Asks: 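First the structure, then my questions, so here it is.
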Amino acid sequence: MRFFCLHMHSLELCETLYAEFGPQHWWPGETPFEIIVGAVLTQNTAWSNVENAIANLKRARLLTPTKLARAPLSKIRAAIKPSGYYNQKALRIKKIAQYLAKNYGDDLTRFLSQPVCSLRHEVESWKGVGPETRDSILLYAAQKPVFVIDAYTVRVAGRMGMTDKRAYRELQAFFESSLPKNPRLFNEFHALLVHLGKNYCRKTKPLCASCPVKTRCRRRIRR
DNA sequence: GGCCAGGTCAAAG
DNA sequence: CTTTGACATGGC
């Protein structure tokens with residue numbers, strides 16, 4: 001394992017992580033719509049559970065805006081059950097599907113190729129889409145240069161002493177201002193941070209043997 | 001059996 | 001404006 005040093009610069013950390021772990025191939029989804037649905041389903045839920053839910057939706061042929069928009073709630077609920085919170089998530093993804101189907105049909109090209117500000121405005125008007133889900137959609141479905149902040153990002157940044165910021169927008173500004181505004185870089189870096197966090201940053205476990213920072217980091221991200 | 005996972009919303013303080 | 005509780009499954 002390489003040496004992940006405290007107070008390392010963002011780009012330096014990104015390059016070190018990439019050299020160590022390689023490309024993460026995010027977002028694991030075949031279409032933008034699948035990424036949008038997955039972004040909602042993965043809220044506070046392990047990705048392995050979401051994989052099952054997505055597989056069920058695919059098997060039921062529900063993973064297009066028009067199909068999901070017409071599907072009965074009971075069917076959606078049953079399909080996404082493994083991802084947890086299935087009652088509210090079923091309502092939310094159906095509502096999103098109805099919005100997309102009505103305004104764009106099944107081809108989301110026109111939707112995704114809007115300028116960031118109008119796309120962001122549209123996406124954040126959806127119920128069930130908060131800051132992280134919104135930015136995941138902007139970055140991973142639409143390839144806009146928006147840095148996604150999640151619990152892992154906060155933990156890793158805090159533990160590595162990169163910044164003491166806690167609020168979502170401040171953290172986002174920190175990363176975006178310390179990196180080239182490149183969506184592919186944002187994509188890979190965020191995925192690598194999650195990978196690092198998953199494997200070396202649970203609870204009070206140190207990041208690695210040579211970087212024994214044990215500061216307890218709160219999971220909650222302030223708005 | 002308890003804790004945690006690629007959060008969000010509404011209601012209350 | 002900040003804090004709290006509800007939402008729910010599956011893996012370790």
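These figures come from a predicted structure and were not determined experimentally. Residue numbering restarts at 1 for every chain, and letters A, B, ... go by the order of the sequence lines.
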Asks: Could you state the atom-to-atom distance from CD of A:Gln172 to C1' of B:dG7 in whole Å?
Replies: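 Result: 15 Å.
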Asks: Atom CD of residue position A:Gln114 - does it have more than 12 heavy atoms of other residues, nucleotides or ligands inside 6.0 Å?
Replies: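 Atom CD in A:Gln114 is packed in, count exceeds 12.
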Asks: Would you mind reading off the distance between A:Lys81 atom NZ and C:dC7 atom P, rounded to a whole angstrom?
Replies: 15 Å
Asks: Would you say C:dC7 has OP1 or OP2 under 4.0 Å from some side-chain N or O of A:Tyr86?
Replies: no
Asks: Check the distance between C:dC12's C1' and A:Trp47's CH2 and give it to me in whole angstrom.
Replies: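 In whole Å, C:dC12 C1' and A:Trp47 CH2 are 20 Å from each other.
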Asks: Measure from the side-chain heavy atoms of A:Tyr85 and tell me the nearest of C:dA8, C:dG10, B:dT8.
Replies: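 From the listed options, C:dA8 comes nearest.
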Asks: Side chain of A:Lys127, heavy atoms from C-beta onward: which of C:dA8, B:dA10, B:dG7 has the nearest atom to it?
Replies: B:dA10
Asks: What contact category does A:Asn52 fall into here, base, sugar-phosphate, or nothing, at under 4.0 angstrom with non-hydrogen atoms?
Replies: nothing
Asks: Given that A:Thr45 and A:Ser48 both sit by DNA chain C, which one's nearest nucleotide is further toward the 5' end?
Replies: A:Thr45
Asks: Residues in ring pair (Phe, Tyr, Trp, His ring centres under 6.0 Å) with A:Tyr104, at least two apart?
Replies: A:Phe111
Asks: Show which residues join A:Leu73 in its hydrophobic cluster (side-chain heavy-atom contacts under 4.5 Å, direct or indirect), or state none.
Replies: A:Leu91
Asks: As a test of reading the structure: which of C:dA8, B:dT8, B:dG7 is closest to the side chain of A:Asn87, going by heavy atoms?
Replies: C:dA8
Asks: Categorize A:Val40 for me: base, sugar-phosphate, or nothing, with a 4.0 angstrom heavy-atom threshold over every strand shown.
Replies: nothing
Asks: With a 4.0 Å cut-off on heavy atoms, is A:Thr133 in touch with a base, just the backbone sugar-phosphate, or nothing at all?
Replies: sugar-phosphate
Asks: Which nucleotide in the set B:dT8, B:dG7, C:dT9 lies at the smallest distance from any side-chain heavy atom of A:Asn44?
Replies: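 Closest nucleotide to the A:Asn44 side chain: B:dG7.
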Asks: Could you check whether A:Lys89 gets within reach of a base, just the sugar-phosphate, or nothing at all, counting any heavy atom under 4.0 Å?
Replies: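 No contact at all - A:Lys89 keeps every heavy atom at 4.0 Å or more from the nucleic acid.
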Asks: Rounded to whole Å, please give me the gap between CG in A:Leu41 and P in C:dC7.
Replies: 19 Å
Asks: Given atom CD1 of A:Ile80 and atom P of C:dT9, what is their separation to the nearest angstrom?
Replies: 11 Å
Asks: How many angstroms lie between OG in A:Ser178 and CE in A:Met162, if you round to the nearest 0.5 Å?
Replies: 6.5 Å
Asks: So do the side chains of A:Trp126 and A:Ile137 get within less than 4.5 Å of each other, counting heavy atoms only?
Replies: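 Yes; the side chains approach each other to less than 4.5 Å.
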Asks: Separation of A:Lys198 atom NZ from B:dC3 atom P, in whole Å?
Replies: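 Atom-to-atom, A:Lys198 to B:dC3, this comes out as 22 Å.
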Asks: Atom CD of A:Glu132 to atom P of B:dC9: distance rounded to whole Å?
Replies: 12 Å
Asks: B:dG7 P sits how many Å from A:Asn49 CG, rounded?
Replies: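 Interatomic distance, CG of A:Asn49 to P of B:dG7: 13 Å.
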Asks: With rounding to whole Å, what would you report as the distance between C:dG10 and B:dT8 at their P atoms?
Replies: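 Taking atom P in both C:dG10 and B:dT8, they lie 22 Å apart.
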Asks: Quick one: is the NZ or CZ of A:Lys165 closer than 6.0 Å to the six-membered ring centre of A:Phe174, and within 45° of its axis?
Replies: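 No, a cation-pi geometry is absent between A:Lys165 and A:Phe174.
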Asks: For C:dT2, does OP1 or OP2 lie under 4.0 Å from any side-chain N or O of A:Arg166?
Replies: no
Asks: Heavy-atom nearest nucleotide on DNA chain B for A:Ser136 versus A:Arg92: which residue maps closer to 5'?
Replies: A:Ser136
